[in-house]
K.L.:
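This is the structure, below, for whatever I ask next.
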Amino acid sequence: MPNAFRIYNTLTRRKEVFKPLRPPRVTMYVCGITAYDEAHLGHARAAVVFDVLYRFLRHLGYEVPYVRNYTDIDDKIINRAQREGRSWREIAEQYIREYQEETAALGVLSPTHEPRATEHIPEMIALVERLLARGVAYVSDGEVYFAVDKFPGYGKLSGRRLEEMLAGARVEVSEKKRNPLDFALWKAAKPGEPYWESPWGPGRPGWHLECSAMSLKYCGETLDLHGGGLDLIFPHHENEIAQSEAATGKPFVRYFMHNGLITVNGEKMAKSLGNYVSLKTLLSRYHPEVIRLFLLTKHYRSPLDYTEKAMAEAEKALYGLYGSLYFLGKVEYAKEGGLRKAAKRLSEALSRFRERFLTALLDDLNTAEAVGTLFNLVSEVNRFLPSARQATVEEAALAREVLATVKELSGEILGIAGSDPGSFVEEERRRKAALRGIDPQEIEERLAAREEARRAKDFTRADALREELLAQGVEVRDTPWGPFWMVL
RNA sequence: GGCGGCGUAGCCAAGUGGUAAGGCGACGGCCUGCAAAGCCGUGAAUCCGGGGUUCGAAUCCCCGCGCCGCCUCCA
């Protein structure tokens with residue numbers, strides 16, 4: 001009876017049945033980016049994983065206010081601005097815009113709200129004042145710090161205890177802090193730095209503060225879902241919990257979800273390691289759905305190793321998928337009659353797909369399993385295709401039903417295989433041809449010449465033309481519906 | 001050192017108590033003028049190793065081994 005959605009909650013370290021606080025409403029907050037540099041595959045993974053969660057929740061009938069924030073003021077932004085002689089605002093604007101464009105290209109739906117830190121300075125100041133009033137924060141030389149030892153639950157998300165952390169401490173020593181683990185709620189501006197006026201003097205908010213303030217504003221005191229990368233568990237999310245719960249006295253988050261990180265040759269992809277692949281580069285080389293497929297064929301909590309070979313495999317798998325749907329779309333009614341043997345199997349496979357696809361997602365968003373069920377269905381489509389050249393009325397209807405179901409489930413929820421197969425094929429041909437510097441017109445001409453040669457039984461010439469095309473990266477296959485080609 | 005995760009066929013990867021999905025690749029066959037694609041078949045005595053619980057374990061527990069992440073900004 002798997003009609004309950006179970007998700008792995010980092011707070012309890014186990015899968016739990018998802019019960020929102022006020023159904024059918026589900027509040028969801030995901031940590032976005034700090035806008036100081038271009039986005040890479042790791043950012044794309046978080047965006048896509050939570051996009052699928054958002055789409056799935058809506059499919060289940062929930063109303064989902066979804067918030068994804070932008071950190072648009074921060075040391076790294078200021079540093080970059082100073083280095084490049086531009087304003088911090090310009091830097092932030094640029095990378096926020098690029099991120100929005102690139103995630104949109106990836107088929108990531110826009111969240112309900114995309115708040116920016118600097119647009120919520122009053123809310124943050126108010127939150128700091130609440131924390132000061134409660135005695136869990138203190139002012140020190142123009143800065144405000146959160147006193148971690150005043151919050152009894154500190155460490156509950158990351159499974160750490162204060163004493164242990166102090167023991168191994170690699171934390172920055174500051175004479176302004178009472179405890180080395182205390183973190184800044186408000187930072188004083190140094191000369192030349194951007195600042196906002198506050199009761200403690202000119203300065204800017206600490207990083208962790210914005211998520212507490214903005215989630216409070218847009219989602220209320222208790223969030224149903226809070227997401228982000230695994231690397232945000234400590235200290236970021238731990239600190240958010242401390243700030244929020246100390247201020248409101250209410251549980252901050254019911255379910256914390258964290259996606260695994262991308263690795264390259266087994267090593268974490270990170271800007272500091274210089275081993276990252278930018279989203280921009282990936283989008284220039286692969287169809288967005290190839291990137292989504294690559295990301296979703298592994299469970300969201302596992303590490304995912306990026307290699308060009310794996311990307312090529314994802315591309316090939318997606319081309320095969322769309323190729324099958326493309327021909328399924330060409331199935332037309334040719335005679336009276338019901339479902340014959342292959343069609344009956346396809347019909348059963350369709351029912352199985354409907355059930356298993358959703359069951360997979362209900363089990364902690366198991367997209368890898370869901371993708372597997374999609375390929376199972378496609379395999380049955382391929383078995384059906386040879387008999388479908390002369391399809392019966394019912395078979396033609398079945399073909400349409402399969403296409404509609406794939407679009408409705410995989411297309412709407414995973415964002416994969418939802419495009420019109422004909423458009424996908426044509427766009428991909430154009431895109432890849434351009435990428436390889438081939439003229440599609442020339443390909444069509446060669447194909448026509450080859451068909452002519454084949455009709456004339458001049459197979460030597462036909463094969464030579466096919467070889468020429470292959471040398472250009474154009475793979476030709478002959479089908480009952482005529483030749484079909486893709487650029488690899 | 002502390003906390004967390006992972007280890008399943010050549011590679012990638014599901015499966016978390018009832019007898020090993022799927023993708024890529026390989027081999028044989030069918031189809032094809034020949035190919036490609038597709039289809040059919042072959043491929044894990046077995047899920048890192050060793051104990052234990054159970055009628056039954058890749059799945060639960062314990063002990064090892066190996067890899068990774070976090071403990072500092074990081075999706």
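Just so it is clear, the structure is predicted and the values come from calculations on it, not from any experiment. Naming: A, B, ... by sequence-line order, numbering from 1 per chain.
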K.L.:
Looking for any heavy atom pair under 4.0 Å, which part of the strands does A/L230 touch: base, sugar-phosphate only, or nothing?
P.N.:
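Counting heavy atoms under 4.0 Å across all strands, no contact is made by A/L230.
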K.L.:
Please state whether the phosphate of B/G25, meaning OP1 or OP2, lies under 4.0 angstrom from any side-chain nitrogen or oxygen of A/K316.
P.N.:
yes
K.L.:
Using the C1' atom on both, measure B/G64 against B/G29 and round to a whole Å.
P.N.:
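That atom pair is separated by 47 Å.
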K.L.:
So, OP1 or OP2 of B/C73: does either fall under 4.0 Å of a side-chain N or O from A/K76?
P.N.:
no
K.L.:
We want to know whether A/Y70 and A/E114 form a side-chain donor-acceptor pair, criterion being a heavy-atom distance below 3.5 angstrom.
P.N.:
yes
K.L.:
Contact class for A/L470 (heavy atom, under 4.0 Å): base, sugar-phosphate, or nothing?
P.N.:
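Result for A/L470 = nothing.
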K.L.:
If pairing requires Watson-Crick or G-U wobble contacts with both distances under 3.5 Å, which nucleotide is the partner of B/U19?
P.N.:
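Base-paired to nothing in any strand shown.
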K.L.:
Using the C1' atom as the reference point in each nucleotide, state the distance between B/A44 and B/G51 in Å, no decimals.
P.N.:
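B/A44 and B/G51 have their C1' atoms separated by 24 Å.
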K.L.:
Using the P atoms only, state how far B/U59 lies from B/G18, rounded to an integer number of Å.
P.N.:
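Each nucleotide's P atom is 12 Å from the other's.
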K.L.:
Taking atom P of B/G22 as reference, at what distance in whole Å does atom CG of A/L321 sit?
P.N.:
15 Å
K.L.:
Go through the steps to decide whether A/Y29 and A/Y66 satisfy the test ring pair (Phe, Tyr, Trp, His ring centres under 6.0 Å), and finish with yes or no.
P.N.:
CA-CA 6 Å; A/Y29 187 99; A/Y66 171 24; 9.0 Å; no
K.L.:
Which part of the nucleic acid, if any, lies within contact of A/G42, taking any heavy atom under 4.0 Å across all strands shown: a base, the sugar-phosphate backbone alone, or nothing?
P.N.:
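Base contact.
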K.L.:
Hey, are the side chains of A/L295 and A/V49 touching, using non-hydrogen atoms and a 4.5 Å cut-off?
P.N.:
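No; the side chains remain at least 4.5 Å from each other.
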K.L.:
Quote, to the nearest angstrom, the P distance that separates B/C6 from B/G10.
P.N.:
23 Å
K.L.:
Distance alone, cut at 3.5 Å: any donor-acceptor contact between the side chains of A/E38 and A/Y276?
P.N.:
yes
K.L.:
A/F375 side chain: which of B/A75, B/A13, B/G23 is closest?
P.N.:
B/G23
K.L.:
Mind checking A/G323 for me? I need base, sugar-phosphate or nothing, with any heavy atom below 4.0 Å counting as a touch.
P.N.:
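Here A/G323 touches no strand at all.
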K.L.:
Students often get this wrong, so: under 4.0 angstrom with heavy atoms, is A/D305 touching a base, only sugar-phosphate, or nothing?
P.N.:
nothing
K.L.:
Does B/U53 pair with anything, Watson-Crick or G-U wobble, both distances under 3.5 Å, and if so, with which nucleotide?
P.N.:
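The base-pairing partner of B/U53, which may sit in any strand shown, does not exist here.
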K.L.:
For A/K457, answer base if it contacts any base atom (sugar-phosphate contacts may also be present), sugar-phosphate if it contacts only those atoms, and nothing otherwise; contact means non-hydrogen atoms under 4.0 Å.
P.N.:
nothing
K.L.:
In whole angstrom, give me the gap between the C1' atoms of B/C31 and B/G41.
P.N.:
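Straight-line distance between the two C1' atoms is 15 Å.
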K.L.:
OP1, OP2 of B/G25 versus side-chain N and O of A/K309: anything below 4.0 Å?
P.N.:
no
K.L.:
Could you work out which one of B/G33, B/G23, B/A36 sits closest to the side chain of A/A317?
P.N.:
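Looking only at side-chain atoms, A/A317 lies closest to B/G23.
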K.L.:
Can you measure A/L293 atom CG to B/A13 atom C1' for me and round it to whole angstrom units?
P.N.:
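One finds 12 Å between C1' of B/A13 and CG of A/L293, rounded.
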K.L.:
Using both distances under 3.5 Å as the test, list the Watson-Crick or G-U wobble partner of B/C70, or none.
P.N.:
B/G2
K.L.:
Can you tell me how far P of B/C68 sits from NZ of A/K298, to the nearest Å?
P.N.:
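Roughly 14 Å, once rounded to whole Å.
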K.L.:
Using whole Å, what does the distance between atom C1' of nucleotide B/A75 and atom CD of A/E114 come to?
P.N.:
16 Å
K.L.:
When rounded to the nearest Å, what value does the distance between P atoms of B/U8 and B/A58 take?
P.N.:
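About 15 Å, rounded to a whole number of Å.
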K.L.:
What integer distance in Å separates A/F234:CZ from B/G5:C1'?
P.N.:
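The answer, rounded to whole Å, is 18 Å.
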K.L.:
Looking only at the side chain of A/E313 (C-beta and beyond, no hydrogens), which of the listed nucleotides B/C11, B/G33, B/A37 gets closest?
P.N.:
B/C11
K.L.:
Just by modelled atom types, is the A/L223 backbone N or O under 3.5 Å from a matching donor or acceptor in the A/T27 side chain?
P.N.:
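Side chain of A/T27 to backbone of A/L223, a donor-acceptor pair under 3.5 Å: no, none is there.
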K.L.:
Does a side-chain N-to-carboxylate-O contact under 4.0 Å join A/R301 and A/D364?
P.N.:
yes
K.L.:
Under 4.0 Å between any heavy atoms, over every strand shown, what does A/A310 touch: base, sugar-phosphate, or nothing? Just pick one.
P.N.:
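Nothing, no heavy atom under 4.0 Å.
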K.L.:
Could you check how far CZ of A/F183 sits from P of B/U72, rounded to whole Å?
P.N.:
14 Å
K.L.:
Give one of base, sugar-phosphate or nothing for A/H299, where a contact means two heavy atoms less than 4.0 Å apart.
P.N.:
sugar-phosphate
K.L.:
Does the side chain of A/N382 get closer than 4.0 angstrom to OP1 or OP2 of B/A37 through an N or O atom?
P.N.:
no
K.L.:
How would you label the contact of A/R160 with the nucleic acid (heavy atoms, under 4.0 Å): base, sugar-phosphate, or nothing?
P.N.:
base
K.L.:
Go nucleotide by nucleotide along RNA chain B from the 5' end; which of A/Y36 and A/A314 gets its closest nucleotide reached first?
P.N.:
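The answer here is A/A314.
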K.L.:
When you match A/E267 and A/G32 each to their closest nucleotide on RNA chain B, which lands nearer the 5' end?
P.N.:
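Whichever sits nearer the 5' end wins; that is A/E267.
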K.L.:
Between A/S379 and B/C39, is there a contact of a side-chain N or O with OP1 or OP2 at under 4.0 Å?
P.N.:
yes
K.L.:
Take the protein atom CD of A/E238 and the nucleotide atom P of B/C3, then report the distance between them rounded to whole Å.
P.N.:
15 Å
K.L.:
Should B/G41 form a Watson-Crick or G-U wobble pair with both distances under 3.5 Å, which nucleotide is its partner?
P.N.:
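Paired with B/G41, as far as the under-3.5 Å criterion goes, is B/C27.
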K.L.:
Assess whether one donor atom and one acceptor atom, taken from the side chain of A/R161 and the base of B/C3, lie less than 3.5 Å apart.
P.N.:
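No, no donor-acceptor pair under 3.5 Å.
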K.L.:
Starting the side chain at C-beta, find the nucleotide from B/G33, B/G5, B/A36 nearest to A/A462.
P.N.:
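Nucleotide nearest to A/A462's side chain: B/G33.
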K.L.:
Please determine, for the side chain of A/L261, which listed nucleotide (B/G23, B/A75, B/G15) has the closest atom?
P.N.:
B/A75
K.L.:
Tell me whether A/E308 is salt-bridged to A/R285, with the criterion being a basic N under 4.0 Å from an acidic carboxylate O.
P.N.:
yes
K.L.:
Taking N and O atoms by type only, does the side chain of A/D463 place a donor or acceptor under 3.5 Å from a partner on the base of B/G33?
P.N.:
yes
K.L.:
Would you measure the distance from the P atom in B/A20 across to the matching atom in B/C24 and give it in whole Å?
P.N.:
23 Å
K.L.:
Spell out yes or no: do the side chain of A/R454 and the base of B/G33 have one donor N/O and one acceptor N/O closer than 3.5 Å?
P.N.:
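Between B/G33 and A/R454, which were checked side chain against base, a qualifying N/O pair under 3.5 Å is present.
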K.L.:
Of all the choices, B/C34, B/A75, B/A21, which nucleotide is nearest to the side chain of A/N259 once you look at every atom?
P.N.:
B/A75
K.L.:
Does A/R450 pair with A/D478 as a salt bridge, N-O distance under 4.0 Å?
P.N.:
yes
K.L.:
Under the 5.5 Å and 30° test, is A/F459 stacked on the base of B/G33?
P.N.:
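Stacking between A/F459 and B/G33: present.
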K.L.:
Quote, to the nearest angstrom, the P distance that separates B/G25 from B/G38.
P.N.:
8 Å
K.L.:
Would you indicate what A/N376 reaches in the nucleic acid, counting non-hydrogen atoms under 4.0 angstrom: base, sugar-phosphate, or nothing?
P.N.:
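Result for A/N376 = sugar-phosphate.
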K.L.:
Using distance alone, with no hydrogens and no angle criterion, decide if A/Q94 and A/E98 have a side-chain donor and acceptor under 3.5 Å apart.
P.N.:
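Yes, A/E98 and A/Q94 have a side-chain donor paired with an acceptor closer than 3.5 Å.
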K.L.:
Under 3.5 Å, is there an N or O donor on one side and an acceptor on the other linking the side chain of A/R466 and the base of B/A35?
P.N.:
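Side chain to base: pair present.
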K.L.:
By the definition ring-ring contact (aromatic ring centres under 6.0 Å, His included), identify the one residue from A/W481, A/Y322, A/F384 that meets it with A/F327.
P.N.:
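The passing option is A/W481.
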K.L.:
Go through B/A75, B/C34, B/G4 for me and flag the one nearest to the A/R13 side chain.
P.N.:
B/G4
K.L.:
What is the distance, to the nearest angstrom, from the CG atom on A/L296 to the C1' atom on B/G22?
P.N.:
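Nearest whole value for this atom pair: 15 Å.
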